[in-house]
Asks: 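Okay, here's the structure, questions in a sec.
The analysis underlying the following values was restricted to heavy atoms, covering all of them including side chains, and did not include hydrogens, waters or symmetry mates. Residues take their numbers from the sequence shown, with the count starting at 1.
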Amino acid sequence: MWSEPGAFEVAPGVHRIPLPLPNDGLRAVNVYAIEDGDGLVLIDSGWALDEARAQLEAALGALDKGFEDIKRFLITHVHRDHFTMAVSLRRTFGSRIGLGLGEQPSLNHMLHGQDDQHVADLRKWGAAELAETWIKIMHHVDRGDALRDYEEPDEWLVRSTVDLEHRRLEVIPTPGHTRGHVVFVDHTAKVLFSGDHVLPHITPSIGFEPLRPELPLGDYMTSLRLTRELPDLKLLPAHGEVTDSSHARVDELLHFHEQRLEEIGKAVAGSAFETARKIGWTRHQRRFDDLDMFNQVLAIGETAAHLDVLVERGELTRTLNAGVLEYSA
């Protein structure tokens with residue numbers, strides 16, 4: 001099982017360290033420890049939880065290292081299961097943190113913003129009742145977590161290269177899952193640290209972030225095509241096992257979203273909320289009404305992302321009616 005604890009060498013000098021996630025169907029997040037001289041550079045960091053911290057400490061110990069040996073964190077995106085452990089450890093050990101520049105607006109909003117864009121989006125998508133439930137359950141919790149768990153990085157990453165002591169990583173912005181998502185490529189070792197951009201068995205959520213871009217699925221598919229133009233690399237994902245071909249999985253993801261666009265175009269029923277209720281969710285084709293609140297919010301956002309691409313392609317029209325976006329063929 002890929003989520004079992006430990007430190008697993010997946011390329012020369014690169015170790016995959018799965019860290020636990022609470023009440024999450026993903027089970028774990030992969031952190032990658034790269035040997036760098038007498039220290040380490042970590043790709044992603046895990047969620048700042050006591051259990052995850054203890055598991056990371058044990059895995060580093062198996063490499064004869066400790067938290068004090070982490071020189072630098074390179075973070076693929078701002079979601080808490082990737083970013084917040086780095087913030088927690090930096091407070092004690094002083095490691096530097098790099099994060100994609102495209103995450104700056106969302107991070108600023110989490111730290112300083114007052115409004116909850118998720119609420120406005122849900123109302124716009126025709127899910128006003130769900131928006132009120134979201135406010136009651138999530139609103140104050142999210143604000144507190146941002147103040148406690150998030151801080152600015154030490155550096156904002158753009159498309160560039162990062163030179164380590166014995167290797168070079170190419171930083172490639174891949175917006176879609178979030179607007180500032182980045183991946184890291186080690187061309188010499190022929191590996192792709194793909195974060196949540198390319199996952200081996202599931203499709204990542206699209207545009208679930210404090211400040212959603214105008215066309216998140218369009219951004220994501222463009223980023224997939226950009227990744228496809230790279231050499232075929234060993235895929236080192238944030239969730240799931242390592243696989244041998246980045247190209248094979250990118251092709252599957254592009255095919256999936258084209259199929260999903262066709263399915264949603266046929267099911268269009270006014271608002272994104274109404275349309276989401278007409279289609280199946282997850283690999284098990286679950287009914288929308290059987291999803292929990294959080295996954296219902298994700299589902300509506302995913303539906304809206306696909307509907308907006310269909311509008312962009314000229315296959316649907318979109319009108320604003322009493323504050324709700326309505327779609328039609």
Asks: Can you see which heavy atom on Ala276 is nearest to which on Thr303, and at what distance?
Replies: CB-OG1, 3.4 Å
Asks: Between Val297 and Leu122, is a side chain to side chain contact (heavy atoms under 4.5 Å, CB included) present by the stated rule, with each step listed?
Replies: CA-CA 8 Å; Val297 173; Leu122 286 168; 4.1 Å; yes
Asks: Would you list the pairs meeting side chain to side chain donor-acceptor pair (under 3.5 Å) in which at least one residue belongs to residues 288-297, sequence neighbours left out?
Replies: Arg277-Asp289, Arg287-Asp290, Asp292-Asn295
Asks: Step by step, would you call Arg80 with Asp149 a salt bridge (charged side-chain N to carboxylate O under 4.0 Å, His left out)?
Replies: CA-CA 8 Å; Arg80 66 186 61 186; Asp149 293 341; 5.4 Å; no
Asks: Taking all heavy atoms of Leu169 and all of Ile34, pick out the closest pair and write down the distance.
Replies: CD1-CD1, 4.2 Å
Asks: I would like to know whether Arg123 and Glu132 meet salt bridge (charged side-chain N to carboxylate O under 4.0 Å, His left out); could you show each step before the answer?
Replies: CA-CA 9 Å; Arg123 289 171 176 160; Glu132 296 308 310; 2.7 Å; yes
Asks: Between atom CG of Leu42 and atom CG of Asp36, what is the distance when rounded to the nearest 0.5 Å?
Replies: 11.0 Å
Asks: Side chain to side chain contact (heavy atoms under 4.5 Å, CB included) between Ile70 and Leu60: does it pass, once the steps are laid out?
Replies: CA-CA 10 Å; Ile70 302 172; Leu60 295 180; 3.9 Å; yes
Asks: Side chains of Glu209 and Glu103: closer than 4.5 Å at any heavy-atom pair?
Replies: yes
Asks: For atom CZ of Arg91, is the number of surrounding heavy atoms from other residues, nucleotides or ligands below 6.0 Å larger than 12?
Replies: yes
Asks: I'd like to know if Phe256 and Leu199 are part of one continuous hydrophobic network [Ile/Leu/Val/Met/Phe/Trp/Tyr, side-chain heavy atoms within less than 4.5 Å].
Replies: no
Asks: Taking only residues two or more places apart in sequence, or in another chain, which ones meet Leu101 in a side-chain contact (heavy atoms from CB on, under 4.5 Å)?
Replies: Gln104, Trp156, Val158
Asks: Among the clusters formed by ILVMFWY side chains lying less than 4.5 Å apart, do Ile300 and Leu215 turn up in the same one?
Replies: yes
Asks: Would you say the side chain of Val198 lies within less than 4.5 Å of the side chain of Leu224, judging by non-hydrogen atoms?
Replies: yes
Asks: Do Val31 and Met85 sit in one hydrophobic cluster, given that two such residues count as connected whenever their side-chain heavy atoms are within less than 4.5 Å of each other, even indirectly?
Replies: yes
Asks: Should Leu235 and Val183 be counted in the same cluster of Ile, Leu, Val, Met, Phe, Trp and Tyr side chains packed under 4.5 Å apart?
Replies: yes
Asks: Answer whether the closest heavy-atom distance between the side chains of Ser194 and Leu236 falls below 4.5 Å.
Replies: no
Asks: Got Leu226 and Ile172 here, is their nearest side-chain heavy-atom distance under 4.5 Å?
Replies: yes
Asks: Taking C-beta and beyond as the side chain, do Pro20 and Arg27 meet within less than 4.5 Å on heavy atoms?
Replies: no
Asks: Mind listing the closest non-hydrogen atom pair of Ser205 and Leu298 along with its distance?
Replies: CB-CD2, 4.1 Å
Asks: As an exercise, state the distance from CZ of Phe273 to CD of Glu129, rounded to the nearest 0.5 Å.
Replies: 7.5 Å
Asks: Would Glu165 and Lys71 satisfy salt bridge (charged side-chain N to carboxylate O under 4.0 Å, His left out), going step by step from the backbone distance to the final call?
Replies: CA-CA 11 Å; Glu165 193 162 326; Lys71 301 176 181 179; 3.6 Å; yes
Asks: Could you check whether Arg53 pairs with Asp50 (Lys NZ or Arg NE/NH1/NH2 to Asp/Glu carboxylate O, under 4.0 Å)?
Replies: no
Asks: Less than 3.5 Å apart, which donor and acceptor atoms pair up between the side chains of residues 318-329 and the rest of the protein, not counting sequence neighbours?
Replies:
{"from": "Arg318", "atom 1": "NH1", "to": "Asp308", "atom 2": "OD1", "distance (Å)": "2.8"}
{"from": "Tyr327", "atom 1": "OH", "to": "Asp308", "atom 2": "OD1", "distance (Å)": "2.7"}
{"from": "Ser328", "atom 1": "OG", "to": "Thr317", "atom 2": "OG1", "distance (Å)": "2.9"}

Asks: Can you check whether Ile206's main-chain N or O pairs, donor with acceptor, with Glu302's side chain at less than 3.5 Å?
Replies: yes
Asks: Determine the minimum heavy-atom distance between His197 and Pro204, stating which atoms define it.
Replies: O-CG, 4.0 Å
Asks: Any ring-ring contact (aromatic ring centres under 6.0 Å, His included) involving residues 56-78? Give me the pairs, sequence neighbours left out, ordered by first then second residue.
Replies: Phe67-Phe93, His77-His79, His77-His82, His77-His177, His77-His181
Asks: How long is the straight-line distance from OG1 of Thr275 back to CZ of Phe288, given to the nearest 0.5 Å?
Replies: 11.0 Å
Asks: Any ion pair linking Arg313 and Glu258 (charged N to carboxylate O, less than 4.0 Å)?
Replies: yes
Asks: Is any side-chain heavy atom of Ser45 less than 4.5 Å from a side-chain heavy atom of Ile75?
Replies: yes
Asks: Ignoring hydrogens and angles, tell me if any N or O in the side chain of Lys65 forms a donor-acceptor pair with the backbone of Asp38 under 3.5 Å.
Replies: yes
Asks: Side chain to side chain contact (heavy atoms under 4.5 Å, CB included), that's the test. Do Trp281 and Leu291 meet it? Break it down for me.
Replies: CA-CA 8 Å; Trp281 292 98; Leu291 302 176; 4.0 Å; yes
Asks: More than 12 non-hydrogen atoms from neighbouring residues, nucleotides or ligands closer than 6.0 Å to CD on Glu155, yes or no?
Replies: yes
Asks: Could you tell me the separation between the CD1 atom of Ile17 and the CG atom of Leu19, rounded to the nearest 0.5 Å?
Replies: 7.0 Å
Asks: Using atom types as modelled, flag every donor-acceptor pair under 3.5 Å from a side chain in residues 2-14 to any protein atom, sequence neighbours excluded.
Replies:
{"from": "Glu9", "atom 1": "OE2", "to": "Gly13", "atom 2": "N", "distance (Å)": "3.0"}

Asks: Find out whether Leu99 and Thr76 are in side-chain contact, i.e. whether some heavy atom of one side chain is under 4.5 Å from a heavy atom of the other.
Replies: no
Asks: Could you go through Val191 and Val185, starting from their C-alpha distance and side-chain angles, then the distance that decides it, and tell me whether this counts as side chain to side chain contact (heavy atoms under 4.5 Å, CB included)?
Replies: CA-CA 6 Å; Val191 297; Val185 179; over 6 Å; no
Asks: Taking all heavy atoms of Leu63 and all of Ala33, pick out the closest pair and write down the distance.
Replies: CD1-CB, 4.4 Å
Asks: Does Glu170 form a salt bridge (charged side-chain N to carboxylate O under 4.0 Å, His left out) with Arg159? I'd like the steps, not just the answer.
Replies: CA-CA 8 Å; Glu170 184 180 6; Arg159 182 149 194 175; 3.1 Å; yes
Asks: Can you list the residues that meet the side-chain contact (heavy atoms from CB on, under 4.5 Å) rule with Asp154, with sequence neighbours excluded?
Replies: Arg90, Arg96, Ile97
Asks: Kindly give the heavy-atom pair with the smallest separation between Pro18 and Gln55, and that separation in Å.
Replies: O-NE2, 3.0 Å
Asks: So with a 6.0 Å cut-off around CD of Gln117, is the heavy-atom count from everything else above 12?
Replies: yes
Asks: Less than 4.5 Å apart, any side-chain heavy atom of Val242 and any of Lys234?
Replies: yes
Asks: CZ/Arg72 to CG/Leu74 distance, rounded to the nearest 0.5 angstrom?
Replies: 5.5 Å
Asks: How far does OG1 of Thr243 sit from CZ of Arg249, to the nearest 0.5 angstrom?
Replies: 8.5 Å
Asks: Would you sort out whether His257 and His306 count as a ring-ring contact (aromatic ring centres under 6.0 Å, His included), showing the intermediate values?
Replies: CA-CA 8 Å; His257 282 291; His306 285 78; 5.2 Å; yes
Asks: Is Phe193 reachable from Val41 through a run of I, L, V, M, F, W or Y residues, each pair having side-chain heavy atoms under 4.5 Å apart?
Replies: yes
Asks: Between Arg179 and Leu211 (side chain of the first, backbone of the second, donor and acceptor by atom type, cut-off under 3.5 Å), is there such a pair?
Replies: yes
Asks: Is the number of heavy atoms from other residues, nucleotides or ligands under 6.0 Å of Gln285 CD greater than 12?
Replies: yes
